[in-house]
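Here the structure is laid out as C-alpha cells; the discussion comes afterwards.
A, B, ... follow the sequence lines: proteins, then strands. Residue 1 opens every chain.
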Amino acid sequence: MSRKKTTQAQGFVGTIKKFFLSAFVVVTFMAYLMHERLTNAASASPANTAANTGSVPSVPDPNSYTVPTVAGQFPATIPTMAVQNPGAVSTQTVASQAGLYKNGSYTGPSVDVFYGLVQVQVVIQNGQIANVTFLDYPHDRRTSQEINTQAMPMLTQEAIQAQSANVNIISGATLTSEGFANSLQAALLSATN
Amino acid sequence: MKQTRIIMGMPVILEVVDPGVSGETFEAVFDYFGYVDRKFSTYEPDSEISMINRQELTLEQSSDDMKTIFALAEQTRRESGGYFDIVHNGLYDPSGIVKGWAIQTAAEILQRIGLGNYWVYAGGDIQVSGKNDQGEDWRVGIQNPFNPQEIIKVLSLQNCGIATSGTYARGNHIYNPKNGDRPAGEVVSLSVIGSNIYEADRFATAAFAMGSAGIQFIEKLEGLEGYSIDPHGLATYTSGFERYVAHA
C-alpha cells in the first residue's frame, strides 16, 4: 500500500503531463465529432448490437432531424452550458486539423499504467467512432483456489463462469482515463485520413 | 440509433430505439455530460470543483448543481456509515457520485421529451429504460474483472440502473476511508442493480469500500441487489439478484 502512495507522488508530474496529452487527444476527438456532425446528417445504427462490438453498418436516418427541438425541455441547470464552454472556438480549429477517420477497426498499443496494461480497439463507421473496446486492462487474478464454502446468510456463492456474449450492453468498472486516452490516441491516429 | 462519445475520459454511449428519435436529442445528452465534466472534473484546473479545492470558491458561492452534489454526497456518507466519502487527502473528489447522478439526469432528459426505450452508458454504469428493438428487456452483461473480453453474467433489465465498482479500473480508485485511506481489498468487482442508476452507483461505491462486507450491506438495502467477485473468481450475490438473471 505504501508502495502505491510513493509511486503516486513520484509519478505526479508525469501524470499531469499524461493528462494534458490525453485531454488534448480527447478534445481533438470530440472536436472532430462536432465538426463531423455539423457537416453530415446524423447516422443511425440498428439497435440490437452488443455494446462492445461494432460490426453492424450504420445507415442514414431520414428521421434524424424531423422531431421538434428539445430546447426548453432541459433541467434548469443546463442553460449554463453556454458560459461553461469557452473552448468552443478553438475546438473548431482543432477539428479542421484532425481530418476524417477511415472506416475500419484500429487497435492501440498496450499502455503501461503502473498497475497493469491498458489497450483499446476503436471501430470507425461512416467516419465516426462507433465503438471502443477494451482488449486489456489491469487485472491480478491470484492463483490460490481456496474457496470459502460457507456462504453468508441470505447470500449465495458461485464460481464465475463465462457466458454467451449476446447482450445489448456491458457493465464493468471504469477504465483508467490516461491509459485509455493514450491507447485510444494511437488507435485513432492510424484511423486518420 | 446509437452513438458513442468520449467524455469525462470515458466512453459515453446512448442508444434509443423509439421511432423518430432525433440527432438533436443525442446532442442534448452528450452536451449535458460535457457540462457535468467541465463542472466536476478534478483533472480540469478551471472546473468549479478544482476552484473549490484551491479555496478560490466556497461551497456557498458555488452553483446549485455543486450544492446538490455535496448534499447528496453527505447523505450517502451518512447512509453508508461513513464508508462513502468525497474527501480524499483533504481534497474533494465527487466522482463517486457524479457519474450515476449525471446518467440519471440524462435519462430524465430523455423521459421528458417522451422517449421510453433507451439506455444511457457512462464508464461502465448504465440506466436502461423500456425494451430493446426486439421488444424484450435489455440484456446487460457483467464484465469479467479478470478478462475484459468475457461476460460472466447476463441480466435481463427494464427500467433500472446497474453500476459496477472495481479495483482494476483506475488502479485502486476506490478507497476505504476507515482504513487509513487504503485501497479496499478482498473484492475485485461489485455490481449493484437498483431502481435507478444514481442509487445503484452511490451504493456500489460505498459497498465496494467495505470490502467483502459490502455485499451484506447491499443485502440490507431495500430495492438494491448485488453481485460481488473476490480475487479467486468466487462470486457472492444477494437474495433477490437471481430474478434479474437472464435464463434464455
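Residue A/Leu155 comes nearest to B/Ile215 through the heavy atom pair CD1-CG2, 3.6 Å, listed as atom of the first residue, atom of the second, then distance. Nearest heavy-atom pair, B/Ala163 versus A/Ser171, reported as atom, atom and distance to 0.1 Å: C-OG, 4.1 Å. In terms of heavy atoms, A/Ile169 sits closest to B/Tyr121 at CG2-CD1, 3.8 Å. Closest of all the heavy-atom pairs between B/Asn144 and A/Ile160 is OD1-CD1, 3.7 Å. Closest non-hydrogen pair, A/Gln157 versus B/Thr236, comes out as NE2-OG1, 3.0 Å. Nearest approach of B/Lys153 to A/Gln163, heavy atoms of both residues: N-CG, 3.5 Å.
With a threshold of 4.5 angstrom between heavy atoms, B/Val36 does not approach chain A through any atom at all. For chain A, the nearby parts of B/Ile162 are the backbone and the side chain; heavy atoms of each come within less than 4.5 Å. With a 4.5 angstrom heavy-atom cutoff, B/Phe241 does not touch chain A via any of its atoms. Of the atoms belonging to A/Gln161, it is backbone heavy atoms, and not side-chain ones, that fall under 4.5 Å from chain B. Interface residue B/Ile126: only side-chain heavy atoms are found under 4.5 Å from chain A.
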Practice problem: With side chain to side chain contact (heavy atoms under 4.5 Å, CB included) as the test, would you mind laying out the steps for A/Ile170 and B/Ile151 before giving the verdict? | Solution: CA-CA 8 Å; A/Ile170 296 169; B/Ile151 291 160; 3.9 Å; yes

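Although no hydrogens or angles enter the test, the distance criterion places no donor-acceptor pair under 3.5 Å between the side chain of A/Asn168 and the main chain of B/Val140.
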